[in-house]
2 protein chains.
Amino acid sequence: MSLDINKVVIKTSLASCFGSHFKEVEGANAFIDELAQDAEEISFEQGEYVFREKDAPEYVYIPESGSLMLERSTASGSRQVFAFLFTGNLAGLSESVSYSFSAKALTNCVVIRISRKLMQDIFDKYPSVAKRYHDVTGHILSLILDQLFIMGQKSAHQRLAHFLLDMEHRLGRGTHRFLLPMSRQDIADYLGMSLETASRGFSRLKKDGLIDIESNYHITVLDNEKLISYAD
Amino acid sequence: MSLDINKVVIKTSLASCFGSHFKEVEGANAFIDELAQDAEEISFEQGEYVFREKDAPEYVYIPESGSLMLERSTASGSRQVFAFLFTGNLAGLSESVSYSFSAKALTNCVVIRISRKLMQDIFDKYPSVAKRYHDVTGHILSLILDQLFIMGQKSAHQRLAHFLLDMEHRLGRGTHRFLLPMSRQDIADYLGMSLETASRGFSRLKKDGLIDIESNYHITVLDNEKLISYAD
DNA sequence: CGAGCCCTTGATGCATTTCAACGAATGTGG
DNA sequence: CCACATTCGTTGAAATGCATCAAGGGCTCG
């Protein structure tokens with residue numbers, strides 16, 4: 001039940017989650033001290049579930065290394081992927097009686113686990129921290145709206161182009177080359193299309209010279225502008 | 001700059017927005033008193049915009065009578081409808097620098113307009129109110145996730161059936177008959193399909209005896225169970 | 001080397017879009 | 001009060017994008 005808040009990965013994860021100027025927020029230091037006491041680092045193997053849809057939402061999770069996938073499955077076996085989470089993203093922030101999706105480890109990963117009760121206590125003491133947290137929630141809400149917009153508007157191939165641009169931005173770290181942690185099936189379930197359509201999309205973009213595919217997961221965006229105009 | 005919080009429509013709107021036991025929350029009365037002073041009732045004609053996508057998010061809005069539609073349009077003229085709002089729903093709750101969608105009046109309507117600054121002040125004083133507000137945000141987030149799930153999973157006709165069940169629930173007030181305030185085009189843009197597909201969906205459901213259509217907007221659900229299993 | 005997994009590719013069928021015409025309801029001016 | 005225009009919804013036919021079914025290829029691991 002303790003967290004080494006001086007570890008660089010933890011610092012950067014928290015900073016990216018709550019914003020770069022978080023430390024200037026009143027109560028932020030008290031919050032971080034409490035995290036040092038009560039939060040934990042937990043490791044998960046690829047394929048394990050960090051939490052499941054029906055679980056009581058006792059914790060909030062921040063990946064520190066590795067990737068998570070938020071998904072919901074139906075009785076009939078089909079699945080919707082809501083989001084892919086990387087270092088410094090946040091999962092499980094605003095659930096009430098149970099999580100409304102499951103979180104699965106896409107890779108071996110380490111996540112920071114924070115008790116929601118602890119967060120609530122801090123919020124009661126420091127409204128500024130609560131406000132910042134609410135801002136984060138609002139930001140996530142707007143990301144989901146963007147996703148909803150994309151799902152409603154675009155063709156399958158456009159959605160895929162959009163997805164690749166997002167991954168380039170989040171995984172590329174300034175370069176145009178990145179390693180996808182998820183399978184074609186995961187991507188298809190995220191974008192609401194079949195595995196085959198997703199695969200054809202990749203092939204098409206490669207054939208047209210917009211991207212390069214080295215090893216199925218190693219992608220390089222060759223022509224950013226064309227890809228953007230393709231995603232439109 | 002004042003609101004008659006003893007008016008029944010206002011009471012019920014606020015109650016439905018913040019939850020039925022809101023008054024038992026610490027600070028709720030102070031909040032309501034502040035609303036009485038600073039909030040306003042504003043009327044809009046059908047087709048007018050309550051706010052637009054790029055506006056600074058200065059206010060939160062609660063419809064008291066009539067209906068709103070939350071939408072986002074592209075430069076190319078296409079449009080995504082995010083939600084339909086009725087009495088006691090809430091719009092604009094967690095925007096940061098600008099609204100991420102526009103709110104258009106579907107009918108002549110009266111909305112309660114609340115300054116976000118006022119809400120923030122109350123939140124600083126009464127964490128319980130802030131918590132409740134955050135719960136509302138979380139609920140809306142889960143509604144959007146449901147919508148995203150539906151968009152990703154179901155066929156056009158299933159989505160329409162689902163939509164009708166939602167409207168029956170929200171507009172039917174216990175009965176199976178309701179008056180849709182939105183056009184076929186609005187429904188199509190909400191469900192991510194063409195106007196014609198939406199129309200064909202209505203025709204099909206009528207032909208199969210699941211619904212009755214009196215005047216394009218007057219719908220009666222005839223066979224609830226079949227409609228549910230159709231929506232699956 | 002063979003098994004298993006994931007991805008790719010082709011062929012076919014179906015759902016949905018698009019284009020186009022028609023019909024119903026509403027409103028306007030003569 | 002009736003022609004007329006306008007808006008909105010319905011319906012049909014053709015085109016297309018996507019899912020599905022099916023086969024094959026490449027990679028990894030034992």
Side-chain angles (χ1 to χ4, degrees), chain A residues 46-47 69 74 76-81 106-107 150-164 179-208 211-219 230-232, chain B residues 45-47 69 76-81 104 106-108 150-164 179-208 211-219 230-232:
Chain A
Q46 178 174 41
M69 170 172 68
T74 62
S76 52
S78 65
R79 185 180 69 147
Q80 178 66 33
V81 171
L106 280 169
T107 63
I150 288 161
M151 293 288 283
Q153 292 289 301
K154 317 223 178 209
S155 74
H157 288 276
Q158 286 179 310
R159 293 205 295 279
L160 182 68
H162 196 97
F163 166 78
L164 287 172
L179 177 67
L180 292 175
M182 74 292 282
S183 71
R184 297 287 188 268
Q185 183 68 64
D186 295 333
I187 297 170
D189 288 345
Y190 177 60
L191 298 173
M193 62 183 69
S194 69
L195 185 160
E196 292 92 332
T197 300
S199 179
R200 278 182 239 274
F202 274 92
S203 301
R204 174 71 183 283
L205 291 172
K206 180 176 183 178
K207 205 184 105 213
D208 292 355
I211 63 171
D212 187 41
I213 306 172
E214 283 159 59
S215 67
N216 278 344
Y217 298 104
H218 261 114
I219 307 293
Y230 190 97
D232 194 76
Chain B
E45 301 275 309
Q46 179 173 41
M69 171 171 67
S76 55
S78 65
R79 185 180 68 147
Q80 177 68 32
V81 171
K104 188 177 188 176
L106 280 171
T107 63
N108 292 349
I150 288 161
M151 294 286 283
Q153 292 291 304
K154 317 226 180 209
S155 75
H157 288 275
Q158 286 179 310
R159 293 205 295 277
L160 183 67
H162 197 96
F163 166 78
L164 287 171
L179 178 67
L180 292 175
M182 73 293 282
S183 71
R184 297 286 189 267
Q185 182 69 66
D186 294 334
I187 296 170
D189 288 346
Y190 177 59
L191 298 173
M193 62 183 71
S194 70
L195 186 159
E196 293 92 331
T197 301
S199 179
R200 279 182 237 274
F202 274 93
S203 303
R204 174 71 185 281
L205 290 172
K206 180 175 184 179
K207 206 184 106 211
D208 292 355
I211 64 170
D212 188 41
I213 305 171
E214 282 159 60
S215 66
N216 278 346
Y217 298 103
H218 261 116
I219 307 293
Y230 191 97
D232 193 76

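In this text the structure is predicted, and so the values were computed from the model without any measurement. We name chains A, B, ... by the order of the sequence lines, and we start the count at 1 in each one. Only heavy atoms go into these numbers, but all of them, side chains included; no hydrogens, no water, no symmetry mates.
Rounded to the nearest 0.5 Å, atoms CG (B:Leu195) and CZ (B:Arg200) are 10.0 Å apart.
Within the structure, every side-chain polar atom (N or O) of A:Tyr217 is placed at least 4.0 Å from both OP1 and OP2 of C:dC6.
Taking every side-chain heavy atom of B:Ser199 into account, D:dT10 is the closest of D:dT10, C:dT17, D:dG9. Among the nucleotides C:dC7, D:dC18, C:dT17, the one closest to the side chain of A:Thr197 is D:dC18.
Checked by distance alone, B:Arg159 brings no side-chain donor or acceptor within 3.5 Å of a matching partner on the base of C:dT16. For A:Arg200 against D:dG17, no side-chain N or O and base N or O form a donor-acceptor pair under 3.5 Å.
Across the protein-nucleic acid pair, B:Lys154 atom NZ and C:dT16 atom C1' stand 18 Å apart, rounded to whole Å. A straight line from CG of B:Leu195 to P of D:dT11 spans 13 Å, rounded to a whole angstrom. One interatomic measurement links the two molecules: CE of A:Met193 to C1' of D:dG17, which rounds to 12 Å at whole-angstrom precision. Taking atom NZ of A:Lys206 as the reference point, atom C1' of D:dG26 lies 12 Å away to the nearest angstrom. Regarding B:Asn216, its CG atom lies at a distance of 12 Å from the C1' atom of D:dT7, rounded to whole Å. Atoms CD (B:Gln153) and C1' (D:dA19) sit 14 Å apart, rounded to a whole Å. A straight line from CD1 of B:Ile213 to C1' of D:dT11 spans 13 Å, rounded to a whole angstrom. When the C1' atom of C:dT8 is taken as reference, atom CD of A:Glu214 falls 18 Å away, rounded to whole Å.
Non-hydrogen atoms lying under 4.0 Å from DNA chain D are contributed by nothing in residues 179-190 of chain A.
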Query - Evaluation steps, side-chain contact (heavy atoms from CB on, under 4.5 Å), between A:Asn216 and A:Phe202 - result: CA-CA 9 Å; A:Asn216 278 344; A:Phe202 274 92; over 6 Å; no

**Report entry** Verdict with reasoning, B:His157 to B:Met193, per side-chain contact (heavy atoms from CB on, under 4.5 Å)
**Finding:** CA-CA 10 Å; B:His157 288 275; B:Met193 62 183 71; over 6 Å; no

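Looking at which nucleotide of DNA chain D each of A:Ala156 and A:Glu196 is closest to, the 5′-most match is held by A:Ala156.
A:Lys154 contributes no side-chain N or O that, together with a main-chain N or O of A:Leu160, makes up a donor-acceptor pair within less than 3.5 Å. B:Asp208 places no side-chain N or O within 3.5 Å of a backbone atom of B:Leu205 that could act as its donor or acceptor partner. The closest donor-acceptor contact from the side chain of A:Arg204 to the backbone of A:Ser199 lies at 3.5 Å or more, if one exists at all.
Environment of CZ in B:Arg79: crowded, with over 12 heavy atoms of neighbouring residues, nucleotides or ligands closer than 6.0 Å.
The residue A:Ser203 sits close only to the backbone: its heavy atoms come under 4.0 Å of sugar-phosphate atoms, none of a base. Residue contacts for A:Ser155: at a heavy-atom cut-off of 4.0 Å it reaches the sugar-phosphate backbone alone, with no base atom in range.
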